[in-house]
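Shown next, in structure tokens, is the structure this report addresses.
Values below: all heavy atoms of this structure, side chains included; hydrogens, waters and symmetry mates excluded.
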Amino acid sequence: MPQHTLSPSAEAVEFELDNQPVIAYAGENILEAARRYGVEIPHLCYKQGYRAAGNCRACMVEIDGERALAPSCCRQPAAGMKVSASNNRVRHAQKMIVELLIADTSTTVRKADSELTRWAQELDVKETRFAARQQPPPDKSHPAMTVNLDSCIQCTRCVRACREEQVNNVIGYAGRGASARIVFDFDTPMGQSTCVGCGECVQACPTGALAPFGDILLQQQEKSVPSLCPYCGVGCQTTYHVKDNRISYVEGRDGPANHSRLCVKGRYGADYAHHPHRLTSPLIRRDDVPKDANGLLEPDNWRDVFREVDWKQALDFAADGLRAIRDEKGGGALAGFGSAKGSNEEAYLFQKLVRTGFGVNNVDHCTRLCHASSVAALLEGIGSGAVSNQVSDVLQADVAFVIGANPTVNHPVAATMMKNAAARGTRLIVADPRRSELAAHAEITMQMKPDSDVALLNAMMHVIITENLTDEEFIRSRTKDFELLRAQALTCPPEKMEDICGIPAEEIRQAARLYGTAERAMIFWGMGVSQHTHGTDNARCLIALAMMTGNIGRPGCGLHPLRGQNNVQGASDAGLIPMMFPDYQRVDDESARKRFEELWGMPLDNKPGLTVVEVIDAACQGEICGMYVMGENPAMSDPDAAHARQGLASLQMLVVQDIFLTETAALADVVLPASVFVEKTGTFTNTDRMVQLGRRALDVPGLARQDLWIIQQIARRLDLKWKYRGENSGVRRVFEEMRRAMPSIAGITWERLQSEHSVTYPCRAVGDAGEPIIFTEKFPTTDGLGRFVPAAFSPAAERPDADYPLVLITGRELEHWHTGAMTRRTRVLDALEPAPTVYINPQELSSAQLQAGDTVTVRSRRGAVSLTARGDGGVPRGAVFIPFCYYEAAANMLTNPVLDPDGKIPEFKYCAVKVEKGGEPTVALSFGGGVAAH
């Protein structure tokens, strides 16, 4: 990311460039200062934001009084310095360097906008007098990238990209003289190396020596569209390069959350939009095909179950079915699941449709399965469910505590910020039952027993209290109920908790002291904290830890629950939750209800609705008879998936709006083909509270339609008199209504998003800068005080026993995301991870007389799945890990649907299982058209 921020107010020096006076700001080199004045000095190893290396020597300049030429990328100007960037001596040196580099590359052009070609043209270098080096053949071993060392100029930008920006430490530089070359790991083929496929090296390469697989960099693109990544909550800004209404390749933009970085999903996971499984016509279930909750519909066999219809038939059928249930049984018999993948505008309209068209608050989305317990604890303790500080604040932290999260897999670009921070001196504490790659950068790693978070955190608080490491002034002036918390923590000395959490008491003390003595400490957590029956208690402890040490409301401090999906924050803000109107205004608060009744022009229900799992339970009991599901896949994402599928199959009317025939859509009565991320314009809110604009890059295929249009068509048929017209179904008009409904974004105008691309909320008035750090003076509670809520350790609802001796942990893989509907339909991601596996500690494999590669069956009290065993030393003894993205071995067939009493979130991260050798061998499906398909 950029190494410095420059502004006219920064300390500056005046010097002379080509006989003209210029000003350089603090931290700026000669090349950067010259560029601001429109003077382009040739350069190849230099890349803005990267550490300057000065090894290509193309940027040489003459400095008056110095005998040798100097690389302008490595020299900072001094007051009065006289620099020549284009005199005869300088030009001769620059041309000679470019000529030598052309000889090294055999004049091979791998990139239409090759920087070497550009500078050769600008310097009028038409040919080379030097013999070319012998180069190895291309390395095509990686499904995402090709290595063409015959185009390599050894600028080392790829090395810095890999080792210093992404901190993956895969690319190196080996050999001497004519044998010098770029290598991967210990000079292994790229596809066999530890490369994680982030593609930062491809984006950094100036010649195309590292390039996306194929020759797409030589193709002339029709347009390049600035937009966003559709995957995790980091909210990376991207550029989509488009040809023939297809995404050719993706590059990172210098957005505030990613600074041009991407991960393997963001860079190589866009081609799902073109997959042949895309829904392109509305479908209605055939009259002679009953719903089979136990069966799975192969994506290519939809004609056996559904018939194609036109939009009028599909919309009328869907709306008539929902209206009939509403009119006969009341709105309480209906429910809606919205999407954390859609835009803010889609989430807002969807919850408005359920509340005004169904007349009930039975509307929810996947935050119930991700961070509902975190939000419950945050609202209870500090009055807001939003993050206090942005991810990049870790660069200002003295200590960062990462617990119950695996950001290198789930939030890879955020993880690079953490690794950058560690390299700069931030001291990392990592706590998780699984040992992640981030642990290699940590000062303290605590691999505690699954389910023991409360015991560990109470023990840490015990140390902080008894060793007088608390911030007494912060506690006195900004919090309440600390004595209740103190009393609970004092019952939990590390010596008492070490058996529960499996961490030696002295290690707990070391971690507590490190966090407690830090001037600025920040906490990050993920679903390893939230997805438990005591997830709210876990989060309560983290909030208490931050408040007792005064680590809230300042740079480099605070609380950050890392959001999972790209718009889970925005969907929650927009009201896609059953107990809250938009902006977290409770539905049972009379004043809030009256405000929305006035805004929407009709009476509203004042009772909180049912949550995701409660809706499924009610469907199984016949109390919920109709559902409208937009972009969610509860048949895969809900716990005890067989139970969830039974509930969906029992519905009188199930309307599914999606881009693929998902496991949920296979149980629908009517399926409405929708738009993918790159086919829509709208706003999205990332984990940092940044509202950002995603722009439409492609046209929708066939008869598929924009999600906003579909929602409005259903609303019109439910007698709602909405008037959102205009391009993209009135997305701007919906956003303007959201500004009236949501004080937190009232100051963010559509025009500002068009020009600035990203604005952080709260932004209450037009012109406000936004607040990247909140809770600086008080908390948004009735009295302005944060509240300590003590939590005692309680075990999981289901514990291992003689019959089921192991603990199942579920989660994501780097290459796949959520239920796999998108990532498993991309060529690269499907090729990298084509089939389901269960991760088991090698010692556990050995004791069970198993080997990596064996087909095994993992069984719980709710179901069984068969898949391939994979050895992983990061998984603790007594536990197994299964990614939940593979429908042919759905991990949620096993998980326990028991709920956290406060957050109503299921216990995904803990249930009892056993592993048996054998079972039906896993077959890799040809979802993505990659290696697995051939």
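Annotation: side chain of Pro578 is not in contact with side chain of Leu610 (no heavy-atom distance under 4.5 Å). Asn566 has its side chain out of reach of Tyr231: every pair of non-hydrogen atoms, C-beta onward, lies at least 4.5 Å apart. Taking the side chain as every heavy atom from C-beta outward, Arg695 and Tyr240 never approach each other to under 4.5 Å. Under the 4.5 Å side-chain criterion, counting only non-hydrogen atoms from C-beta, Met627 is in contact with Phe337. Contact of the Leu576 side chain with the Val363 side chain is registered, since non-hydrogen atoms from C-beta on lie closer than 4.5 Å. At least one side-chain heavy atom of Thr760 sits less than 4.5 Å from a side-chain heavy atom of Gln390. Between Gln237 and Pro256 the shortest side-chain heavy-atom distance falls below 4.5 Å. Looking at heavy atoms from C-beta onward, Ser572 lies in side-chain contact with His365 at the 4.5 angstrom threshold.
Between the CD atom of Gln565 and the OG atom of Ser339 there is a distance of 6.5 Å, given to the nearest 0.5 Å. Taken to the nearest 0.5 Å, the CD1 atom of Ile714 stands 9.0 Å off from the CH2 atom of Trp709. How far CZ of Phe884 is from CE of Met636: 8.5 Å, rounded to the nearest 0.5 Å. Rounding to the nearest 0.5 Å gives a distance of 10.0 Å between CZ of Phe524 and CG of Leu438. Annotation: the span from Arg355 atom CZ to Met602 atom CE amounts to 13.0 Å, rounded to 0.5 Å. For the atom pair NE2 of His560 and CG of Asp688, the computed distance is 5.0 Å after rounding to the nearest 0.5 Å.
Using the six-membered ring where Trp is involved, Trp722 and Tyr724 have ring planes that are perpendicular, over 60° apart on the 30 and 60° scheme.
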Side chain to side chain donor-acceptor pair (under 3.5 Å), that's the test. Do Gln692 and His757 meet it? Break it down for me.
CA-CA 6 Å; Gln692 305 188 110; His757 307 296; over 6 Å; no
Does the side-chain contact (heavy atoms from CB on, under 4.5 Å) test come out yes or no for Cys885 and Glu813, once each step is laid out?
CA-CA 8 Å; Cys885 58; Glu813 288 180 310; 4.2 Å; yes
Would you sort out whether Glu614 and Lys904 count as a salt bridge (Lys or Arg N to Asp or Glu O under 4.0 Å), showing the intermediate values?
CA-CA 8 Å; Glu614 290 172 330; Lys904 303 295 180 67; 3.1 Å; yes
Please evaluate residues Gln531 and Ile905 with respect to the criterion side-chain contact (heavy atoms from CB on, under 4.5 Å), reporting the C-alpha separation (whole Å), side-chain torsions for both, the decisive distance (0.1 Å), and the verdict.
CA-CA 6 Å; Gln531 288 181 332; Ile905 191 170; 4.0 Å; yes
Worked verdict on Ile403 versus Phe401 for side-chain contact (heavy atoms from CB on, under 4.5 Å):
CA-CA 6 Å; Ile403 179 170; Phe401 183 18; 4.0 Å; yes
Evaluate the side-chain contact (heavy atoms from CB on, under 4.5 Å) criterion for residues Leu698 and Val242: first the C-alpha distance (whole Å), next the side-chain angles of each, then the deciding distance (0.1 Å), finally the verdict.
CA-CA 8 Å; Leu698 302 178; Val242 179; 3.8 Å; yes
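Remark: Arg478 does not engage Glu777 in a salt bridge, criterion side-chain N to carboxylate O under 4.0 Å. In summary, Lys680 and Asp707 engage in a salt bridge, as defined by a charged side-chain N under 4.0 Å from a carboxylate O. Using a cutoff of 4.0 Å between basic side-chain nitrogens and carboxylate oxygens, Arg739 and Glu736 are scored as salt-bridged. The pair Arg733-Glu345 does not meet the salt-bridge criterion, since no charged nitrogen lies less than 4.0 angstrom from a carboxylate oxygen. A salt bridge links Glu679 with Arg278: at least one charged nitrogen is closer than 4.0 Å to a carboxylate oxygen. Remark: Glu200 does not engage Arg261 in a salt bridge, criterion side-chain N to carboxylate O under 4.0 Å.
Between the side chain of Arg705 and the backbone N or O of Ile710, no donor-acceptor pair lies under 3.5 Å. Looking at Glu346, its side chain does come within 3.5 Å of a backbone N or O of Ser343 through a donor-acceptor pair. The closest donor-acceptor contact from the side chain of Asn406 to the backbone of Ser436 lies at 3.5 Å or more, if one exists at all. When atom types are taken as modelled, the side chain of Lys341 and the backbone of Gly631 share a donor-acceptor pair closer than 3.5 angstrom. Thr664 places a side-chain N or O within donor-acceptor distance of the main-chain N or O of Ala635, the cut-off being under 3.5 Å. Side-chain atoms of Gln203 come within 3.5 Å of backbone N or O of Ser260 as a donor-acceptor pair. Side-chain N or O atoms of Asn567 include one that pairs as donor or acceptor with a backbone N or O of Thr685 at under 3.5 Å. Distance alone, capped at 3.5 Å, places no donor-acceptor pair between the Glu756 side chain and the Leu753 backbone. Checked by atom type and distance alone, the side chain of Asn686 pairs as donor or acceptor with a backbone atom of Arg689 at under 3.5 Å. Distance alone, capped at 3.5 Å, places no donor-acceptor pair between the Thr238 side chain and the Gly252 backbone.
Taking a 6.0 Å sphere around NZ of Lys223, one finds it holds more than 12 heavy atoms contributed by other residues, nucleotides or ligands.
The heavy-atom pair separating Ser758 from Met690 by the smallest distance is OG-CB, 3.5 Å. Of all heavy-atom pairs spanning Asn538 and Val529, the tightest one is ND2-O, 2.8 Å. Minimum interatomic distance between Phe735 and Thr749 (heavy atoms only, all atoms of both residues): CE2-C, 4.1 Å. Looking at every heavy atom in both residues, Pro555 comes nearest to Asp393 through CA-OD2, 3.5 Å. Between Gly694 and Ser227, the shortest heavy-atom distance links the atoms CA-OG, 3.5 Å. Here the shortest heavy-atom pairing between Val655 and Leu672 reads CG1-CD1, 3.9 Å.
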Table please: side-chain donor-acceptor pairs of residues 369-386 below 3.5 Å, with sequence neighbours left out.
unit_1: His371; atom_1: ND1; unit_2: Ser374; atom_2: OG; d: 2.8
unit_1: His371; atom_1: NE2; unit_2: Leu562; atom_2: O; d: 2.8
unit_1: Ser373; atom_1: OG; unit_2: Ser530; atom_2: O; d: 2.8
unit_1: Ser374; atom_1: OG; unit_2: Trp525; atom_2: NE1; d: 2.9
unit_1: Glu380; atom_1: OE1; unit_2: Arg540; atom_2: NE; d: 2.7
unit_1: Glu380; atom_1: OE1; unit_2: Arg540; atom_2: NH2; d: 3.4
unit_1: Glu380; atom_1: OE2; unit_2: Arg540; atom_2: NH2; d: 3.0
unit_1: Ser384; atom_1: OG; unit_2: Ala386; atom_2: N; d: 3.2

Atom pairs and distances, side-chain donor-acceptor, residues 765-773, under 3.5 Å, sequence neighbours left out:
unit_1: Asp768; atom_1: OD2; unit_2: Ala765; atom_2: N; d: 3.2
unit_1: Glu771; atom_1: OE2; unit_2: Arg764; atom_2: NH1; d: 3.2

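Residues satisfying the salt bridge (Lys or Arg N to Asp or Glu O under 4.0 Å) test with Arg554, not counting sequence neighbours, are Glu519.
Checked by atom type, the side-chain pair His818/Arg812 shows a donor-acceptor distance below 3.5 Å. Asp573 and Gln569 share a donor-acceptor pair across their side chains, judged by distance under 3.5 Å alone.
Between Tyr249 and Tyr268, the distance from one ring center to the other does not fall under 6.0 angstrom.
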